[in-house]
Visitor: 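Encoded as structure tokens, here's the structure I'll be asking about.
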Amino acid sequence: MSSESSPRSGPPDFVRDQVRRDVDAGSHGGRVQLRFPPEPNGYLHIGHAKSICLNFGVADEFGGSCTLRMDDTNPETERADFVAGIEEDVRWLGFRWDGPTRYASDYFPQLYAWAELLVERGLAYVDDQDAETISAQRGGFTEPGVDSPYRDRPVEENLDLLRRMRAGEFPDGARVLRARIDMAHPNPQLRDPVLYRIRHAAHHRTGTQWCIYPTYDWAHGQSDALEGTTHSVCTLEFDAHRPLYEWFLDHLPIPADRPHQYEFARLNVTHTVLSKRRLSALVEGGHVDGWDDPRMPTLRGMRRLGYPPEALRAFCNHIGVAKVNGTNEVELLESFVRDELNRTSTRRMAVLRPLRLVVENYPEGQVEQVEVVNNPEDPSAGTRLVPFSRELWIDRDDFLEDPPAKFYRLAPGREVRLRAAYFVRCTDVVRDTSGEVVEVRCTYDPATTGGQAPDGRKVKATIHWVSVPHAVPIEARLYDRLFTEPHPDAHEGRDPFDFLNPNSVEVVGGAWAEPSLAELAPADRVQFERVGYFCVDTNVPGVFHRTVGLRDDWAKIRGRTA
RNA sequence: UGGCGGGUAGUUCAAUUGGCAGAACGCCUGACUUUGGUUCAGGAAGUUGCAGGUUCGAUUCCUGCCCCGCCAGCCA
């Protein structure tokens, strides 16, 4: 039944319109079933997330179901560890598929039986020619193809050859099974497409049981039909395959209540690449540290970077589903990440580039526990105690000896608030032999406990700090765009990897954080106040990945006047 | 070159049967603020690819043109 009331933040789209029409018309007995069919030859990326959210989202909104099917028809590129990784990623994104994980390879026996059926009906034949010859005979966009000399082979001979192909009598590439459709068809996809090719390769699930493997076209629609899919949603480039998808279903003993294919535009995101080929090349070329490198647009990369799955889902639902290929700006993705993290992250103080601040009139050896709010957006997050003492670390960015206009942090003679602690006024600086400021001296106003002045006087800035004797060392990894160009793929004649950002990661060692950071567990997410959102690395303790920075108006002002 | 799918703010998408072109992100102002964050208020931003036609009225219907994407793997 249609779910007018189901909550959705995204715009309407043609896929949902179609499903609603079908449901209203009582097609498929009112049943709605979709599927997410990745090929296990790599890990999932943000583009897949769009597809996952669409398929599972539609199923959910219409009270239907969604299966997860590994499209594993090409043993040479597929691996079991990719299967496990994909399952893990889909679950992490927050979706549960209907029943067990399905595999196109589950259907190999049925597919083969149907192939024999097609042969018996004179609708498929074994071609002895090599790939090059077949390709040359396919014709062009304006030229029809020419018939293979094997096209009119007797049924018995075809059947015999097909069985011997399956039995392993022929080497790779020696023969193929082709559908017998129309070599002059205006759509080249219908010019006797290949159904089976010979590959003496071990398959990650069926081992060496088979040495002939179905092509995508021969497997996909039938797999949909076998699973009871009602709406088979795929990307735009399969548009030309739809007539073939239907031709197979038309010529096989498949119930009238069969799946239909719909195509939508795949997702692209600026400053990255989103094809498995390119992502594999990034990994294999050593440009990143693996599929889960925080710079990768893979789900595992984003997970490690600290992107919450909720943010990915919100993004995917927001961008809509259309038939125009385009590119979303990363900034949009990041805004969803910030939005989620702002609401949910506990705040902590950490100083990435430390500068020593000495509070001259604060008693040596004295320590106070200052109460700090954990998350101003969420009162239930409570407060914590942070130690305050005479010597503090502050960020180098928060002090300027010769401040430009509009800079209102610490500077000689200036007063600022130390977050949740006291007002301090800069009195002096200490330099090293080269003249660089290595220490800032200040005095605090004991009346401003908690950061409030009883006389009502204001300061223009509040800065974060960490007590030197209590500080815990951390390492921060600051990430920037993987590619400097917004559209690395769109420069003709240029290798997208030419635009790899040489500074996509900056490792900041020697950073200091408040003691409570030692209590965090791997993958925990926090906001470093005034700096950004960070995520604890899952492998190395004390390493924090910057998920995304805070919006920074000061950086804009500074950039404008620079 | 043939076929198919598309063209609406910078970007991604909306716009009931033809009825004042909207939103989000980004950008700019201002207010608030113990994060230069968040929040709030406001603003700039469009010849709806182009040219005709039908109509009181066209993003929407018709015709022609232009531009973009996809298709000639035994990849998916």
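All values below come from the heavy atoms of this structure, side chains included, with hydrogens, waters and symmetry mates left out. Naming convention: chains lettered A, B, ... in sequence-line order (proteins, then strands); numbering from 1 in each chain.
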Visitor: Using a strict 4.0 Å threshold on nitrogen-to-oxygen distance, state whether Glu529(A) and Arg348(A) make a salt bridge.
Guide: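 No, Glu529(A) and Arg348(A) are not salt-bridged.
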Visitor: For nucleotides G6(B) and G42(B), find the distance between their C1' atoms and express it as a whole number of Å.
Guide: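 Here G6(B) and G42(B) have their C1' atoms 36 Å from each other.
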Visitor: Reading RNA chain B 5' to 3', what string of ( ), [ ], | and . shows its pairs, if Watson-Crick and G-U wobble pairs count only when both distances fall under 3.5 Å?
Guide: .((((((..((((.....[..)))).(((((.......))))).....(((((..]....))))))))))).....
Visitor: In residues 323-342 of chain A, which ones come under 4.0 Å of RNA chain B, going by heavy atoms?
Guide: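 Nucleic-acid contacts, sorted: Lys323(A), Val324(A), Asn325(A), Gly326(A), Thr327(A), Asn328(A), Glu329(A), Glu331(A), Leu332(A), Ser335(A), Asn342(A).
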Visitor: Say you pick atom P in G19(B) and the same atom in U60(B); how far apart are they, in whole Å?
Guide: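 Nearest-Å result for G19(B) against U60(B) at atom P: 11 Å.
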Visitor: List in chain and number order the residues that pass side chain to side chain contact (heavy atoms under 4.5 Å, CB included) with Ala490(A), two or more places apart in sequence or in another chain; answer none if no residue qualifies.
Guide: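 Partners of Ala490(A) by the side chain to side chain contact (heavy atoms under 4.5 Å, CB included) criterion, ordered by chain and then number, come out as His487(A).
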Visitor: Please name all residues satisfying salt bridge (Lys or Arg N to Asp or Glu O under 4.0 Å) with Arg313(A), sequence neighbours left out, ordered by chain then number.
Guide: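 Per chain and number, Arg313(A) pairs via salt bridge (Lys or Arg N to Asp or Glu O under 4.0 Å) with no residue.
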Visitor: Is any NZ, NE, NH1 or NH2 atom of the basic residue among Glu263(A) and Lys323(A) found under 4.0 Å from an Asp or Glu carboxylate oxygen of the other?
Guide: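 Salt bridge present between Glu263(A) and Lys323(A).
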Visitor: Would you say CZ of Arg457(A) has more than 12 non-hydrogen atoms from neighbouring residues, nucleotides or ligands within 6.0 angstrom?
Guide: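 Yes, because the 6.0 Å sphere around CZ of Arg457(A) holds more than 12 heavy atoms from other groups.
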Visitor: Can you tell me if CZ on Arg205(A) sees more than 12 non-hydrogen neighbours from other groups inside 6.0 Å?
Guide: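 Above 12, so yes.
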Visitor: Need one value for Tyr196(A): base, sugar-phosphate or nothing, where a base atom within 4.0 Å counts as base even if backbone is also close, heavy atoms only.
Guide: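 Nothing: the residue Tyr196(A), judged by heavy atoms under 4.0 Å, touches no strand.
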Visitor: Mind telling me if G73(B) is syn or anti? Syn here is a glycosidic angle within 90° of 0.
Guide: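 Here G73(B) takes the syn form, which means its glycosidic angle is within 90° of 0.
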Visitor: Strictly distance-based, threshold 3.5 Å: is any side-chain N or O of Lys50(A) a donor or acceptor partner for the main-chain N or O of Ala265(A)?
Guide: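 Here the side-chain-to-backbone pair exists.
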Visitor: Base, sugar-phosphate, or nothing for Thr270(A), non-hydrogen atoms under 4.0 angstrom?
Guide: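 Thr270(A): no heavy atom of the nucleic acid under 4.0 Å.
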Visitor: Ignoring hydrogens and angles, tell me if any N or O in the side chain of Tyr196(A) forms a donor-acceptor pair with the backbone of Arg175(A) under 3.5 Å.
Guide: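 Answer holds: no.
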Visitor: Write down the distance separating the C1' atoms in G10(B) and C28(B), rounded off to the nearest Å.
Guide: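 So the two C1' atoms sit 14 Å from each other.
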Visitor: Any residue in residues 186-193 of chain A with a heavy atom nearer than 4.0 angstrom to RNA chain B? Just list them by number, or reply none.
Guide: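 RNA chain B contact set from residues 186-193 of chain A: Pro188(A), Gln189(A).
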Visitor: What do you reckon, are the aromatic ring centroids of Phe544(A) and Phe534(A) less than 6.0 Å apart?
Guide: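 Here the rings of Phe534(A) and Phe544(A) have centres that are no less than 6.0 Å from each other.
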Visitor: Any N or O donor-acceptor pair linking the side chain of Glu377(A) to the base of G37(B) at under 3.5 Å?
Guide: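 Answer yes: a donor N or O sits under 3.5 Å from an acceptor.
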Visitor: Are the ring of Phe141(A) and the base ring of G2(B) both nearer than 5.5 Å at their centres and tilted by less than 30°?
Guide: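 Yes, Phe141(A) stacks on the base of G2(B).
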Visitor: Rounded to whole angstrom, note down the P distance from C50(B) over to A9(B).
Guide: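 Each nucleotide's P atom is 10 Å from the other's.
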Visitor: Taking any heavy-atom pair under 4.0 Å as a contact, classify Gln129(A): base, sugar-phosphate, or nothing.
Guide: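 Contact class for Gln129(A): base.
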Visitor: Any salt bridge (Lys or Arg N to Asp or Glu O under 4.0 Å) involving residues 183-193 of chain A? Give me the pairs, sequence neighbours left out, ordered by first then second residue.
Guide: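 Listed by first then second residue: Arg151(A)-Asp192(A).
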